Amino acid sequence: MASDVRSLGKPGFKFTNWATTYSCHPELYFEPETTEEISQILAFAQKKGKKVKVIGNGHSPSDLACTTDYMISLKRYNHVIKIDKERGLVNVQGGCLIKDLNEKILPANGLAFSVQGTVSELTAAGVISTGTHGTGADMGIISSSVVELDLMTASGEILTISKDQNSDLFPAATVSLGSLGVILHVTFQCEPAFNLEQKQFPEKLDNVLKNLDEYVTGSEHFRFFYFPHTEDTLCFSANRTKKEKNLSFSWFWESLVGYHIFQALYWLSTFMSFLVPVLNRLFYNLLYSHKKEKVDRCDQIFNFNCLFKQYVTEWSIPRDKTAPVLTEIKDWILKNKFPAHFPIEVRFVKGDGIYLSPAYGWKDTCYINIIMYTPFNKIVPREKYWEAFEKVMSDYGGRPHWAKDHKYGREEFTKLYPQFETFCKIRERLDPNGMFLNSNLERVFGKNTMSKMNV
């Protein structure tokens with residue numbers, strides 16, 4: 001069997017994430033198509049004393065997916081297992097892309113996700129493992145829509161986990177960072193398909209912060225962008241509607257100016273950083289200072305174009321801390337004359353009881369995301385900005401997004417997450433030898449000493 005399994009693996013593979021910010025060279029790279037093949041790979045890794053990292057679609061802008069041992073991609077393990085239209089339940093394999101569900105499967109069955117994140121080029125297992133979220137005062141993170149999942153542990157055992165089966169594992173397995181095992185299948189709770197009507201409008205930051213609760217609860221899905229070096233924001237409010245699709249696209253403004261010229265000018269600013277405040281104001285006035293409305297299929301409203309490659313970091317805080325946190329970030333940028341790129345994105349979700357959810361235990365949660373583009377792959381200095389942002393967020397009890405860059409370890413997370421030690425005990429029980437840990441997760445959970453195995 002060993003030779004058969006090794007033949008499934010590809011040596012010399014280089015993994016690079018979407019943002020091209022991290023890469024690695026796993027010893028063997030696998031793309032299994034069946035549950036049996038996944039089981040064989042884990043058994044082979046166990047025998048060889050190797051660690052295993054399961055990856056989704058490589059969108060995490062951190063080293064979360066990196067390994068030098070064995071890497072498993074679920075890109076070929078991507079089928080729809082069952083759809084229950086009446087109950088709105090969709091059961092898929094872990095490698096199924098959310099984008100494929102949005103564009104093919106769900107519309108054909110008259111269903112939709114209740115909320116989604118910024119991008120849909122994510123796998124079903126990946127989108128829940130990292131606590132991916134959208135926005136909406138009454139919406140939880142995407143993991144909140146998980147009804148059931150099947151998990152293959154390091155021993156090859158398959159556990160069905162839900163509120164009814166292995167219920168003690170359910171609040172751990174729905175956000176697990178890939179540390180508990182291989183997520184084979186996920187059942188999502190969906191709802192009847194719907195369109196969203198989105199209203200986009202400019203507003204001054206002070207006004208948004210002073211009336212934040214009003215804005216957040218005034219529509220089903222509210223988010224806003226703050227433009228550093230200005231007093232301006234761009235707000236988005238969206239509600240379900242029976243209206244037909246109605247949108248417009250300007251190649252000149254949205255593609256030529258909003259992408260190509262924008263990237264070229266930001267590239268130029270890497271040599272003359274004093275241009276960034278000017279560019280932020282210029283593009284705000286050109287592209288974002290006007291009201292717009294559109295109606296589209298819900299996923300097309302939830303998702304938006306992330307433009308070109310970038311470094312990002314994002315943290316969550318209690319919603320009532322949004323105003324002081326953003327004010328401090330804004331003031332630091334101005335005081336230090338840091339050439340911060342736009343936008344600073346601000347989104348909102350309701351709290352939950354998922355052990356590693358960044359919204360755990362809070363009634364209302366705010367996520368703040370900062371960005372520094374790498375125009376034409378030109379690296380820009382960001383360290384001071386990141387450190388200042390993280391300090392502000394930390395001062396207010398913030399929690400870093402699991403998929404994005406952070407420097408926290410077990411000591412910090414134990415203080416931030418009331419059930420962190422409970423999760424760690426579950427992880428150590430399901431993966432006692434740390435097969436599913438990499439350097440990122442060893443920092444988060446602490447190192448496991450691999451037990452002696454027959455090689």
Side-chain angles (χ1 to χ4, degrees), residues 1-32 37-77 94-95 122-123 125-126 129-130 151-156 176-183 309 311 377 379 400-410 413 424 427-428 430-455:
M1 184 192 79
S3 60
D4 291 341
V5 175
R6 180 172 286 278
S7 68
L8 293 174
K10 177 182 177 182
F13 178 81
K14 180 182 179 181
F15 166 81
T16 304
N17 66 350
W18 173 82
T20 67
T21 52
Y22 288 93
S23 62
C24 66
H25 294 85
E27 182 178 330
L28 287 176
Y29 169 78
F30 298 89
E31 291 182 0
E37 286 179 348
I38 296 172
S39 177
Q40 290 175 1
I41 294 166
L42 296 191
F44 183 65
Q46 189 94 335
K47 180 180 178 182
K48 295 294 184 181
K50 298 295 182 179
K51 297 192 176 186
V52 176
K53 189 60 195 170
V54 182
I55 63 167
N57 207 31
H59 251 274
S60 294
S62 70
D63 62 345
L64 183 61
C66 291
T67 185
T68 54
D69 281 9
Y70 294 172
M71 176 177 284
I72 297 177
S73 168
L74 297 180
K75 67 191 302 180
R76 298 181 188 276
Y77 192 78
L122 308 170
T123 61
S129 292
T130 56
L151 180 80
M152 182 180 289
T153 67
S155 67
S176 67
L177 316 186
S179 69
L180 302 183
V182 183
I183 296 176
K309 309 300 182 182
Y311 283 99
N377 292 320
I379 303 301
H401 191 303
W402 293 113
K404 300 177 182 180
D405 268 334
H406 66 82
K407 298 176 182 177
Y408 273 13
R410 183 163 180 161
F413 288 124
C424 288
R427 189 198 67 74
E428 289 161 11
L430 296 182
D431 183 21
N433 297 316
M435 175 186 282
F436 296 109
L437 297 183
N438 62 358
S439 59
N440 180 297
L441 296 184
E442 285 177 347
R443 186 176 74 247
V444 170
F445 298 119
K447 292 184 178 182
N448 278 45
T449 302
M450 294 286 281
S451 64
K452 291 183 179 180
M453 302 176 188
N454 296 323
V455 180

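Keep in mind the model is a prediction, meaning the values are calculated, not measured.
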Report the residues that fulfil salt bridge (charged side-chain N to carboxylate O under 4.0 Å, His left out) with Lys404, sequence neighbours left out, ordered by chain and then residue number.
Glu314

To the nearest 0.5 Å, how far apart are CE in Met71 and SG in Cys24?
3.5 Å

Out of curiosity, Phe44 CZ to Leu8 CG, how far, rounded to the nearest 0.5 Å?
10.0 Å

Among all residues two or more places apart in sequence or in another chain, which pass the ring-ring contact (aromatic ring centres under 6.0 Å, His included) test with Phe30?
Tyr70

Would you sort out whether Val182 and Val52 count as a side chain to side chain contact (heavy atoms under 4.5 Å, CB included), showing the intermediate values?
CA-CA 10 Å; Val182 183; Val52 176; 5.7 Å; no

Under the rule for side-chain contact (heavy atoms from CB on, under 4.5 Å), what residues qualify as partners of Asn440, not counting sequence neighbours?
Ser62, Asp63, Leu64, Asn438, Arg443, Val444

Which heavy atom of Thr123 sits nearest to which heavy atom of Gly94, and what is that distance?
CB-O, 3.4 Å

Calculate, to the nearest 0.5 Å, the distance between atoms CD1 and CE belonging to Ile183 and Met152 respectively.
12.5 Å

Taking only residues two or more places apart in sequence, or in another chain, which ones meet Asp69 in a side-chain contact (heavy atoms from CB on, under 4.5 Å)?
Lys50, Lys51, Thr67

Could you list the residues that satisfy side chain to side chain donor-acceptor pair (under 3.5 Å) with Tyr22, not counting sequence neighbours?
Asp405

Could you please spell out the steps behind the side chain to side chain contact (heavy atoms under 4.5 Å, CB included) verdict for Leu177 and Phe445?
CA-CA 11 Å; Leu177 316 186; Phe445 298 119; 3.9 Å; yes

Least distance between heavy atoms, Asp431 atom then Ala154 atom
OD1-CB, 3.7 Å

Measure the spacing between CD1 of Ile72 and CD of Glu31 and express it to the nearest 0.5 Å.
11.0 Å

Can you sort out the partners of Ser39 under side chain to side chain donor-acceptor pair (under 3.5 Å), two or more places apart, ordered by chain and number?
none

ring-ring contact (aromatic ring centres under 6.0 Å, His included) against Tyr408, all qualifying residues, sequence neighbours excluded:
Trp315, Phe413

For Ser23, all residues meeting side-chain contact (heavy atoms from CB on, under 4.5 Å), sequence neighbours excluded
Lys14, Thr16

List in chain and number order the residues that pass salt bridge (charged side-chain N to carboxylate O under 4.0 Å, His left out) with Arg410, two or more places apart in sequence or in another chain; answer none if no residue qualifies.
Glu421, Glu428

Please round to the nearest 0.5 Å and tell me the distance separating atom CG of Leu441 and atom CH2 of Trp402.
9.0 Å

Looking only at heavy atoms, what is the nearest atom pair of His406 and Pro400, with distance?
CB-CB, 3.6 Å

Can you name the ring-ring contact (aromatic ring centres under 6.0 Å, His included) partners of Tyr29, sequence neighbours left out?
Phe13

Side chains of Leu151 and Leu430, heavy atoms from C-beta outward: is any pair under 4.5 Å?
yes

Looking at CG of Leu28 and CD1 of Ile41, how far apart are the two atoms once the value is rounded to the nearest 0.5 Å?
9.5 Å

For Ser155, give me all partners under side chain to side chain donor-acceptor pair (under 3.5 Å), at least two apart in sequence or on another chain.
Thr153

